[in-house]
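So the structure is just underneath, and the comments pick up after that.
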Amino acid sequence: ANLSRFGNSVRAQLIGVNLWRELSEAATGFSKIREEFSRPLMILMAGVGILLLIGCANTSNLLLARAAGRQPEFGTRVALGASRWRLTRQVLVESIVLAGLGGVVGIGLAYWATRLLVVFISREQTPVVLDVAPDARVLVFTTACALLTGVLFGIAPALRATGPRMKTTVRVPISRG
């Protein structure tokens, strides 16, 4: 009862100072830092998402070009008895490994960039102390995104490389000499 009465008296004093409002706003996640940096961080996040899509599309095009260049190899494998499913798995695994490496590099950049953002947010007189390092949830999300992009952007090159016209790609080189 005494503690409750003490809390009410402190609350009454803080309301007069207008500090209580700031404390309660920060406790719910709304603070001046959030108001100031929410919009720029959303713009940054949208830019990073667009950059990720551009990178995935470019990588998919590179995988398509690589698969087109490997048509004779795939034709030889089919002639030797490899199934279409086996070749599709091979191309998909290559795509997923590439996406996984991209995810690992992305996590490394995230650790570095979050520290850099906190340094930019901090001012000379009032340094900001925030723990914004990626945690387990971020790692799980990044892993899921890497696997998903590996499969989604690798399925087109895989299906194209192992398409129905594959058996016509084995050519016998003509020697001229």
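Because only heavy atoms are used, hydrogens play no part in the values below, and waters and symmetry mates are left out as well, while side chains stay in.
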Does T59 reach the main-chain N or O of G55 with its side chain, forming a donor-acceptor pair under 3.5 Å?
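A pair under 3.5 Å: yes.
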
For residues 139-147, please give each side-chain donor-acceptor pair under 3.5 Å, one per line with the distance, not counting sequence neighbours.
from: T142; atom 1: OG1; to: V138; atom 2: O; distance (Å): 2.8
from: T143; atom 1: OG1; to: L139; atom 2: O; distance (Å): 2.8

Hydrophobic cluster partners of [X] (side-chain heavy atoms under 4.5 Å):
X: W85; value: none
X: L148; value: L152, F153
X: L92; value: I155, L159
X: M45; value: M42

Heavy-atom side-chain proximity of L62 to N58 below 4.5 angstrom
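They are not in contact (no side-chain heavy atoms under 4.5 Å apart), so the answer is no.
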
Any heavy-atom pair between the side chains of V151 and S95 that's under 4.5 Å?
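No, too far: nothing below the 4.5 Å cut-off.
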
Drop me the distance from E73's CD to T76's OG1, to the nearest 0.5 angstrom.
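Nearest 0.5 Å value for the CD-OG1 distance: 8.0 Å.
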
According to salt bridge (Lys or Arg N to Asp or Glu O under 4.0 Å), does anything in [range] pair up with another residue at least two apart or in another chain? List the pairs.
range: residues 87-114; value: R66-E94, R70-E94
range: residues 143-152; value: none
range: residues 139-154; value: none

Output all residues satisfying side-chain contact (heavy atoms from CB on, under 4.5 Å) with L53, sequence neighbours left out; order by chain, then residue number.
none

Applying side-chain contact (heavy atoms from CB on, under 4.5 Å) to L51 and not counting sequence neighbours gives none

Side-chain heavy atoms nearer than 4.5 Å, only ILVMFWY residues, links allowed to pass through others: does that put L98 and L64 together?
no

List, one per line, each side-chain donor-acceptor pair under 3.5 Å for residues 99-120, sequence neighbours excluded.
from: Y111; atom 1: OH; to: P134; atom 2: O; distance (Å): 3.3
from: T114; atom 1: OG1; to: A110; atom 2: O; distance (Å): 3.0
from: T114; atom 1: OG1; to: Y111; atom 2: O; distance (Å): 3.1

Run the numbers on R77 and L80 for side-chain contact (heavy atoms from CB on, under 4.5 Å), then give the verdict.
CA-CA 5 Å; R77 288 177 183 237; L80 292 174; 5.7 Å; no

Contacts of R137 that satisfy salt bridge (charged side-chain N to carboxylate O under 4.0 Å, His left out) - sequence neighbours left out
D135

